[in-house]
Amino acid sequence: MTVLDDFSEITRRDEPLAPFTWLKVGGPAQMLIEPRNLDEFRAVVVRCHENGIPVRMLGSGSNILVRDEGVPGVVIRLSHPAFAEVSVQGNIVKAGAGALLSHVVSQSVEAGLAGLEALVGIPGTIGGALKGNSGSRGGEIGEHVKHVSVMTAHGEIFDRQEDELSFAYRFSSLNELAIVSAEFELKPDNPDEIAQRMKKTWVMKKAAQPMSFQSAGCIFKNPRGQSAGALIEKAGLKGTKVGKCEISDRHANFIVTEPGAKSSEVLTLIDLVKTKVAERDGVDLELEIQVW
Ligand SMILES: Cc1cc2nc3c(=O)[nH]c(=O)nc-3n(C[C@H](O)[C@H](O)[C@H](O)COP(=O)(O)OP(=O)(O)OC[C@H]3O[C@@H](n4cnc5c(N)ncnc54)[C@H](O)[C@@H]3O)c2cc1C
């Protein structure tokens, strides 16, 4: 008997997390739970809180490196369709935290609503995108937020309005346990022009990034006024390999992995980059990815 037995239908124990991440490395979650609706999600969170069990939220795993030893406690994925609903009413787009950002972008563009097209090609869910204020040179998701429904670690659910939230480069003030859903306010525009802008961003992204490889996107944040990729390239690290992991020769701020790679190999490359860039340019690179 354990305190989470009531949720056995939606719980997998010692579940490898690598397949749920884009880097495809790392160990298991002690418990991976996929609730079927909001009440069940809340009940899991409350039970974990009452019993001091740590909880983490996993989206599409496109910005996470899981350590080889795995993750204690509970990892929750909002993978059920109940969390992936997307609807458009006038210039307001509503989306569940489990909805794919790509679906939300395409539905907005189809409805002739501008703003989110700058996010084309960014993998992941609405929850992950809001947590890290995902974006590109053309804009960030936080610019379009009207309000966000969140759940605290105690299981309390409430709305946070646009004026109580702050977003900055790869940062949001959304620090509750979970993002549940969000509303975005977009601007009506000519659908052909939005689609053209989206296509241009997509072509540029595809040309610059190793999209077809296993990666977690940019490993490091760009230091103010500088490019992390350029600093890593100047340090002569493009193409450097540790085991089955490599600093991409396409984009130096990407680490790509091959099947059989280990999380420890990615961490060794990360340390190497930090050390070499600090030695050469005196810059202390900060991680953009989350290490679990
Ligand atoms: C090829 C590639 C290209 C990329 N390009 C870009 C880019 O151009 N711009 C950019 O900004 N990013 C980029 N990324 C990084 C990544 O796609 C984004 O950070 C994405 O928004 C992460 O979403 P996710 O669902 O995968 O989140 P995950 O990686 O699963 O999680 C990321 C963080 O969000 C938290 N989280 C996830 N869901 C929730 C939730 N419901 N509630 C609370 N917290 C939650 C997690 O706990 C974790 O801290 C790229 C990644 C890849 C692999």
Side-chain angles (χ1 to χ4, degrees), residues 17-26 29 32 34-35 38 41 45 54-66 71 73-80 83-84 95-105 116 118-143 148-153 157 160 167-182 201-202 204-222 228-229 248 250-251 253-257 287-292:
L17 286 177
F20 297 105
T21 70
W22 279 58
L23 276 165
K24 302 268 178 276
V25 298
L32 177 68
E34 295 179 287
L38 188 58
F41 178 22
V45 168
V55 177
R56 293 167 198 257
M57 296 301 299
L58 176 65
S60 294
S62 62
N63 207 29
I64 286 176
L65 171 65
V66 178
V71 178
V74 164
V75 171
I76 296 181
R77 272 184 89 220
L78 302 181
S79 52
H80 195 277
F83 300 103
L100 288 178
L101 177 63
S102 58
H103 288 174
V104 179
V105 170
L116 297 181
L119 307 179
V120 66
I122 302 180
T125 60
I126 286 294
L130 284 168
K131 180 77 185 176
N133 190 22
S134 284
S136 67
R137 265 180 229 156
E140 293 166 338
I141 194 164
E143 293 163 29
V148 180
S149 168
V150 295
M151 188 187 292
T152 66
I157 298 172
R160 291 187 69 186
F167 292 96
Y169 170 61
R170 299 300 98 81
F171 166 85
S172 80
S173 60
L174 287 158
N175 51 10
E176 290 78 17
L177 172 72
I179 294 156
V180 177
S181 63
T201 308
W202 173 238
M204 275 162 53
K205 197 170 164 73
K206 238 173 107 181
Q209 298 183 353
M211 306 286 282
S212 51
F213 290 83
Q214 292 175 190
S215 84
C218 290
I219 296 288
F220 298 99
K221 292 184 183 175
N222 288 323
S248 167
R250 188 97 175 261
H251 188 316
N253 199 10
F254 276 54
I255 291 178
V256 294
T257 61
L287 280 179
E288 178 172 326
I289 57 163
Q290 308 292 315
V291 180
W292 280 13

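These numbers come from a predicted model, not from an experiment. Read the numbers this way: they start at 1 and go in the same order the structure lists the ligands and their atoms.
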Going by the atom numbers of ligand 1, which of them fall below 4.0 Å from some non-hydrogen atom of [X]?
| X | answer |
| --- | --- |
| S215 | 1 (C), 53 (C) |
| A97 | 41 (N) |
| R170 | 11 (O) |
| L58 | 30 (O) |

Nearest-neighbour protein heavy atom for [atom], which is reported as residue plus atom name and distance:
| atom | value |
| --- | --- |
| atom 24 (P) of ligand 1 | S60 N, 3.5 Å |
| atom 4 (C) of ligand 1 | P123 CD, 3.6 Å |
| atom 35 (C) of ligand 1 | K131 CG, 3.7 Å |
| atom 45 (C) of ligand 1 | M57 CB, 3.7 Å |
| atom 29 (O) of ligand 1 | N63 N, 2.8 Å |
| atom 41 (N) of ligand 1 | I179 O, 3.1 Å |
| atom 5 (N) of ligand 1 | K205 NZ, 2.9 Å |
| atom 52 (C) of ligand 1 | G217 N, 3.3 Å |

Between [atom1] of [X] and [atom2] of [Y], what distance do you get to the nearest 0.5 Å?
| X | Y | atom1 | atom2 | answer |
| --- | --- | --- | --- | --- |
| L58 | W292 | CG | CH2 | 4.5 Å |
| T257 | K24 | OG1 | NZ | 8.5 Å |
| C218 | I255 | SG | CD1 | 11.0 Å |

Do [X] and [Y] have side chains that get closer than 4.5 Å, going by heavy atoms?
| X | Y | result |
| --- | --- | --- |
| L38 | M151 | yes |
| L32 | R77 | yes |
| I126 | I141 | yes |
| Q290 | K131 | no |
| M57 | L78 | yes |
| Y169 | E288 | yes |
| V66 | F20 | no |
| L287 | L65 | no |

Q | Any donor-acceptor N/O pair, S149 side chain to V180 backbone, under 3.5 Å | A | no
For [atom], tell me which residue out of [options] has the closest non-hydrogen atom.
| atom | options | result |
| --- | --- | --- |
| atom 9 (N) of ligand 1 | G135, G61, G132 | G135 |
| atom 18 (C) of ligand 1 | S134, A178, A182, G124 | S134 |
| atom 38 (N) of ligand 1 | A216, G128, A129, A118 | G128 |
| atom 48 (C) of ligand 1 | M151, R56, Q290 | Q290 |

Q: For a side-chain contact (heavy atoms from CB on, under 4.5 Å) with L17, tell me which candidate from I64, V75, V25 qualifies.
A: V75
Is the shortest N/O to N/O distance between [X] and ligand 1 below 3.5 Å?
| X | value |
| --- | --- |
| T125 | yes |
| C218 | no |
| S62 | yes |

Assess [X] for proximity to ligand 1: is some non-hydrogen atom of it under 4.0 Å away?
| X | result |
| --- | --- |
| W292 | yes |
| L177 | yes |
| E176 | no |

